[in-house]
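Below is one structure, written out as structure tokens; the observations come after it.
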Number of protein chains: 2
Amino acid sequence: MEEFSQRFSSLKPFLVFECAARSGSFSAAAKAFNISQPSVSRNVAQLEREIGVALFERRSTGAELTDAGRELFHAITQGMSTILRTIKQIERRRHEEAGVVSLSVSGSFVAHWMAPRLAAFTQAFPDVRLRFHLISGMVRGLPDDVDLAVRTMDASDQDVRSWDFVPEIVLPVCSPGYAAARKSTGNETFLHFSDHAHDIWNDMSDLCLPGQLEGDVCHEFDDYSVLLQAALDGSGVALGWLSVTSKLLLDRRLVPVGGRAHRTGRVHRLIDCGAGPSRDIVADIAQWLVERMKEDLAALEPILPATT
Amino acid sequence: MEEFSQRFSSLKPFLVFECAARSGSFSAAAKAFNISQPSVSRNVAQLEREIGVALFERRSTGAELTDAGRELFHAITQGMSTILRTIKQIERRRHEEAGVVSLSVSGSFVAHWMAPRLAAFTQAFPDVRLRFHLISGMVRGLPDDVDLAVRTMDASDQDVRSWDFVPEIVLPVCSPGYAAARKSTGNETFLHFSDHAHDIWNDMSDLCLPGQLEGDVCHEFDDYSVLLQAALDGSGVALGWLSVTSKLLLDRRLVPVGGRAHRTGRVHRLIDCGAGPSRDIVADIAQWLVERMKEDLAALEPILPATT
DNA sequence: TTCTTCCATACGCTCATCGTATAGCGTGAC
DNA sequence: GTCACGCTATACGATGAGCGTATGGAAGAA
């Protein structure tokens with residue numbers, strides 16, 4: 001295998017090439033790879049020089065793979081995946097042995113639902129160390145190096161090794177301070193989540209729509225954690241996912257406003273992502289989370305407005 | 001796949017690790033990889049740091065793979081082989097399109113049998129460019145990036161896509177000048193090939209054995225080309241493979257001496273190593289080589305001593 | 001035409017990585 | 001015991017591979 005080092009000055013060009021092949025252009029690959037465009041160009045050129053064939057046809061619209069390039073691309077994808085998969089397996093085993101459990105959840109869920117329960121969690125699972133993989137916006141696929149993930153899906157979607165966590169319910173919420181103040185001013189400040197359409201407020205409440213009244217304000221956030229923090233600070237009214245805000249509502253740090261809660265018909269589920277044989281501890285933790293959420297929902301019964 | 005570049009500062013440690021795993025010790029790997037031992041140590045340590053597990057157990061007798069190390073080793077071997085195989089395939093196709101045919105033969109065969117026929121070869125195959133992969137000593141396996149190889153094997157060994165080239169015949173030879181001189185001096189200078197046992201001369205000739213007569217000399221060479229050059233220069237008597245020396249014997253630049261030729265029972269065969277579908281041009285070239293060798297053998301008939 | 005977007009090349013600079021030197025350590029011979 | 005001989009790890013100074021910035025040319029798009 002040292003043939004590689006003898007023939008190729010570095011292996012980086014292989015990865016850069018792979019990225020460029022996937023991106024369709026050197027410029028795009030540069031962004032994806034966090035290097036400059038000339039660096040991509042040089043890396044690919046070097047690989048072509050060392051192998052002795054053209055891998056791309058340069059067009060003014062981008063770079064297109066040649067036949068040889070396509071072959072090499074597949075080989076690299078396959079070969080590197082083999083290695084990467086094994087590394088993840090090794091890491092998973094290491095985590096398993098160290099009692100580490102990885103969760104893939106939203107930052108806001110951790111900040112406002114999980115964090116206040118960490119002490120209780122540690123009491124229930126003294127040997128478990130949690131590792132949070134925070135996801136920024138909406139979720140795409142399941143990461144492959146995580147044990148347990150919270151994902152939102154249609155209620156009909158079932159999956160092996162998963163548990164119903166909580167139905168997806170959203171409702172307008174604000175801090176008690178803001179709730180008191182808004183009665184006197186009559187104006188509203190909306191804290192809007194970028195992922196939502198602006199007309200979502202129509203369905204969700206009988207609040208006046210943003211922009212409908214002179215003096216209404218609408219701030220927009222693309223990070224739900226920050227948005228919620230603003231709501232807690234009394235900056236305005238936010239749409240709150242029950243899965244995130246249940247504890248805040250119970251602690252009266254947020255209060256429902258507008259008299260409605262909307263059940264989207266989708267559900268949050270806990271999914272056991274473990275590739276190999278299922279770990280008992282993962283199921284135990286999932287059960288524990290489900291129980292806590294059940295307690296929340298029961299306690300919220302008297303507080304919540306009727307769901308629509 | 002850019003995950004690789006994000007997590008690992010360089011891919012070299014993977015190759016160094018693979019080499020160390022195969023070598024069994026960092027020092028040995030350093031030699032095989034042509035880098036210093038501390039560099040191996042650093043590379044492996046870095047990989048261990050980046051993956052987060054120990055890959056070797058350091059012993060004073062060397063370094064032994066841990067379980068994780070063994071897993072990773074297999075993955076790297078497999079993954080890199082995938083890539084390397086594809087690269088060779090691409091290169092082979094490139095050679096094919098460019099009319100390049102690769103031969104794996106001994107340096108002495110090229111120097112003394114093939115080279116004098118290159119003009120004739122080009123006349124017969126004007127579009128073919130030859131690429132010689134010279135092998136130093138005895139042959140191990142077949143290289144996988146070559147079209148045609150000359151290999152010595154038992155006469156019974158048959159192989160798909162191969163042609164009988166010439167029986168393995170060895171006979172003592174010397175330059176005409178040396179042949180004339182030795183009659184007067186009575187002493188002998190032996191040009192011995194390191195790969196041979198010294199007593200090979202017993203079987204091969206009725207020459208006086210090296211060391212048996214006062215004044216006899218025995219020089220030893222581990223490169224057959226150089227040994228043959230020395231024989232051509234009149235430096236002594238050498239054991240000549242007919243497959244290499246036939247042209248030299250025909251041109252009277254070497255003459256048989258000792259009155260015997262030894263047929264080992266083995267044969268040189270031409271083997272089509274092409275991995276994919278057989279190339280017609282390869283078979284044509286093999287045929288051409290066989291014909292030339294046949295002509296040699298026929299013309300040598302009156303010159304050669306009886307074979308034993 | 002002009003504008004935009006793409007890739008290739010030139011040019012310094014910097015930092016990752018190398019080799020040398022050396023220390024530490026375990027093992028086996030005597 | 002202790003000496004010698006492997007092995008690997010660490011320190012340190014030097015260097016060159018590879019980076020980013022700046023720029024040029026070519027090809028579509030407006």
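In what follows, every chain begins at residue 1, and chains take the letters A, B, ... in the order their sequences are listed.
Here A:W241 and A:F109 keep their ring centres 6.0 angstrom or further from each other. Note: B:F14 and B:F4 meet the aromatic proximity criterion, with ring centroids under 6.0 Å apart. The six-membered or imidazole ring of A:F33 lies away from that of A:F26, with a centre-to-centre distance of 6.0 Å or more.
If you check every strand for non-hydrogen atoms under 4.0 Å, B:S36 touches a base.
Across residues 5-22 of chain A, A:S10, A:K12 each have a non-hydrogen atom less than 4.0 Å from an atom of DNA chain D (numbered order).
Checked by atom type, the side-chain pair B:S194/B:E220 shows a donor-acceptor distance below 3.5 Å.
For the atom pair CD1 (A:I135) and OG (A:S106), the distance works out to 6.0 Å, reported to the nearest 0.5 Å. To the nearest 0.5 Å, the span separating CD1 on A:I90 from CD on B:E71 amounts to 5.0 Å.
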For residues 53-62 of chain B, dump all side-chain donor-acceptor pairs below 3.5 Å to protein atoms at least two apart in sequence or in another chain.
| unit_1 | atom_1 | unit_2 | atom_2 | d |
| --- | --- | --- | --- | --- |
| B:E57 | OE1 | B:R59 | NH2 | 2.6 |
| B:R58 | NH1 | B:E48 | OE1 | 3.1 |
| B:R58 | NH1 | B:E48 | OE2 | 2.9 |
| B:R58 | NH1 | B:F56 | O | 3.4 |
| B:R58 | NH2 | B:E48 | OE1 | 2.9 |
| B:R59 | NH1 | B:E64 | OE1 | 3.0 |

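If you take CG of A:L47 and P of D:dG18, they are 13 Å apart, rounded to a whole angstrom. Per the geometry, CD belonging to A:E64 stands 12 Å off P belonging to C:dC7, to the nearest Å. Remark: C1' of C:dT9 and CD of A:Q46 are 15 Å apart, rounded to the nearest angstrom. With rounding to whole Å, A:N43 atom CG is found 8 Å from D:dG18 atom P.
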B/S/- along nucleotides 5-10 of chain D (protein heavy atoms under 4.0 Å) is --SBBB
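Ring geometry, A:F221 versus A:H219: the interplanar angle exceeds 60°, so the pair is classed perpendicular (tilted spans 30 to 60°).
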